[in-house]
Undergrad: 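My questions all concern the structure below.
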Amino acid sequence: MHSRSICLAVALAGAVVVSACGPATFTRKSVLWEPYEAAESRQQKDNVTVDISFVDQLPPSFTVRVARCDQYGRMIVDDKGNPIPEQLTLGTNDQAWQKVAITNGTENVIRLNGVVIRLFDPAANQYPALTFDDLRTELYSKRPCPSTEQAMNMFRVNKIFDRNMEIVPGTTTTFWVAFKPASRMMPGLWKFALYDVPVSVDAAGRPTRTTRFETRIAVK
């Protein structure tokens, strides 16, 4: 990333967000992410249906306006003492996002605390799903500012993957899931996977049978 400023710039899918010290511009090689086979985006196994959508642009609810701060976390104000607002985006261009909808057609509750969600790059490196707390920690590391917490509270309108999610029988839960790979620029065949999805449990709620879902993403 080439910038005219040493300040932090947060961006997603090529959209520049104003930094704490003023606007910054960047350029990067164009990379195309697309499903390897469209049919893999919707899968049904053992009475569980999973719809997977690769996200190349997050919706407006992932961008909020909060008070700007400098690199030391101090609020920046105008000559009248009023806070100067800036746009802040939860997702950054070093992350990969998916939108997942799981429909539970089984007779048991599907608890995501036992489900393994991974992203694999073409070199077979695997990356775990980021929770809302993980995203908060990352955003604070880039923007140590009091208004960051205000932004995170506003971002809660978006349902982000949480290990405590439960999907009761006969319902569908839709959520966003983010990963931070070593590089989104790596061309080749990527894989998004959900392992150990419980399709039957014993009287104590322990899984007796699980299934898995995988979809491939072509990066070029």
Side-chain angles (χ1 to χ4, degrees), residues 10-13 31 33-36 40-43 45-46 48-59 61-62 89-104 109-143 148-149 151-152 155-167 172-199 201 205-207 209-219:
V10 180
L12 175 69
V31 175
W33 285 62
E34 60 183 8
Y36 182 73
E40 294 180 354
S41 298
R42 181 178 177 84
Q43 302 178 30
K45 296 179 183 178
D46 301 306
V48 177
T49 302
V50 174
D51 291 280
I52 304 168
S53 303
F54 172 74
V55 180
D56 58 2
Q57 185 172 358
L58 293 169
S61 56
F62 279 77
T89 302
L90 179 59
T92 60
N93 67 347
D94 58 352
Q95 298 168 350
W97 286 77
Q98 299 273 11
K99 188 176 183 180
V100 182
I102 301 178
T103 301
N104 183 2
V109 176
I110 295 178
R111 295 180 171 85
L112 295 189
N113 61 357
V115 176
V116 178
I117 302 179
R118 292 287 187 272
L119 180 71
F120 297 83
D121 67 21
N125 299 306
Q126 58 177 299
Y127 307 96
L130 303 176
T131 64
F132 190 82
D133 287 340
D134 294 330
L135 293 170
R136 174 196 282 113
T137 299
E138 182 168 338
L139 189 55
Y140 265 111
S141 69
K142 297 174 179 177
R143 189 180 188 274
T148 298
E149 185 59 31
M152 293 305 301
F155 288 140
R156 286 189 180 278
V157 300
N158 305 290
K159 194 167 187 178
I160 308 297
F161 163 71
D162 188 298
R163 294 186 180 88
N164 294 320
M165 283 182 175
E166 296 184 347
I167 309 170
T172 299
T173 293
T174 302
F175 57 93
W176 302 84
V177 57
F179 304 89
K180 189 175 181 181
S183 173
R184 292 182 72 251
M185 309 290 282
M186 185 183 299
L189 203 59
W190 294 59
K191 182 174 70 175
F192 171 68
L194 293 91
Y195 299 141
D196 299 334
V197 179
V199 294
V201 298
R206 294 184 294 264
R209 189 161 58 93
T210 63
T211 191
R212 62 193 287 176
F213 298 88
E214 297 180 354
T215 186
R216 292 169 293 176
I217 304 164
V219 177

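All values below were derived from every heavy atom in this structure, side-chain atoms included, with hydrogens, water molecules and symmetry-related copies excluded.
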Undergrad: Which pair of non-hydrogen atoms, one from Ala182 and one from Tyr127, has the smallest distance, and what is that distance?
TA: N-OH, 3.3 Å
Undergrad: Quick one: CZ on Arg136 to CD1 on Ile160, what's the gap to the nearest 0.5 Å?
TA: 11.5 Å
Undergrad: A quick test of your reading: do over 12 heavy atoms of other residues, nucleotides or ligands sit less than 6.0 Å from CZ of Arg42?
TA: no
Undergrad: How about Lys191: does its NZ atom have over 12 heavy atoms from other parts shown lying under 6.0 Å from it?
TA: yes
Undergrad: Measure across Ser41 and Thr215 and return the closest heavy-atom pair with its distance rounded to 0.1 Å.
TA: N-OG1, 4.4 Å
Undergrad: For Glu214, does its backbone N or O pair with a side-chain atom of Gln43 as donor and acceptor, under 3.5 Å?
TA: yes
Undergrad: Test side-chain contact (heavy atoms from CB on, under 4.5 Å) on Asp162 and Leu112 and set out the steps.
TA: CA-CA 8 Å; Asp162 188 298; Leu112 295 189; over 6 Å; no
Undergrad: How long is the gap from NZ on Lys45 to CZ on Phe213, to the nearest 0.5 Å?
TA: 6.0 Å
Undergrad: Is the shortest side-chain heavy-atom distance between Pro198 and Arg209 below 4.5 Å?
TA: no
Undergrad: To the nearest 0.5 Å, what is the distance between OG1 (Thr173) and NZ (Lys159)?
TA: 4.5 Å
Undergrad: Looking only at non-hydrogen atoms, find the nearest pair between Phe132 and Met152 and report the distance.
TA: CZ-O, 3.3 Å
Undergrad: Do Thr137 and Asp134 get their side chains close enough for a donor-acceptor pair, meaning under 3.5 Å?
TA: no
Undergrad: Nearest heavy-atom pair of Val109 and Glu166: which atoms, and what distance?
TA: CG1-CB, 3.8 Å
Undergrad: Looking at Ala123, is its backbone amide N or carbonyl O close enough to the side chain of Asp121 to form a donor-acceptor pair, meaning the two atoms are under 3.5 Å apart?
TA: yes
Undergrad: What is the minimum heavy-atom distance between Val48 and Val197, and which atoms define it?
TA: CG1-CG1, 4.4 Å
Undergrad: For Ala101 and Thr172, which heavy atoms make the closest approach, and how far apart are they?
TA: CB-CG2, 4.2 Å
Undergrad: Hey, what do you get for CG (Leu135) to CD (Gln95), rounding to the nearest 0.5 Å?
TA: 6.0 Å
Undergrad: What's the spacing between Ile117 CD1 and Leu194 CG if we round to 0.5 Å?
TA: 5.0 Å
Undergrad: Among Tyr36, Trp97, Phe179, Phe54, find the residue that satisfies the ring-ring contact (aromatic ring centres under 6.0 Å, His included) test when tested with Phe192.
TA: Phe179
Undergrad: Before you tell me yes or no, could you show the steps for Phe161 and Thr131 under side-chain contact (heavy atoms from CB on, under 4.5 Å), namely the whole-Å CA-CA distance, both residues' side-chain angles and the distance that decides it to 0.1 Å?
TA: CA-CA 6 Å; Phe161 163 71; Thr131 64; 4.0 Å; yes
Undergrad: Enter the distance from Ile167:CD1 to Arg111:CZ here, rounded to the nearest 0.5 Å.
TA: 11.5 Å
Undergrad: Kindly indicate whether the side chain of Trp190, heavy atoms from C-beta on, has any atom under 4.5 Å from the side chain of Pro122.
TA: yes
Undergrad: Output, in order, the C-alpha distance, side-chain angles, deciding distance and verdict of side-chain contact (heavy atoms from CB on, under 4.5 Å) for Phe175 and Ile102.
TA: CA-CA 9 Å; Phe175 57 93; Ile102 301 178; 4.0 Å; yes
Undergrad: Do you see a donor-acceptor pair shorter than 3.5 Å between the side chains of Thr92 and Asp94?
TA: yes
Undergrad: So Leu90 and Leu58, side-chain contact (heavy atoms from CB on, under 4.5 Å) or not? Walk me through it.
TA: CA-CA 9 Å; Leu90 179 59; Leu58 293 169; 5.6 Å; no
Undergrad: Give a yes or no answer on whether the side chain of Thr148 reaches the backbone of Arg143 with a donor-acceptor pair at less than 3.5 Å.
TA: yes
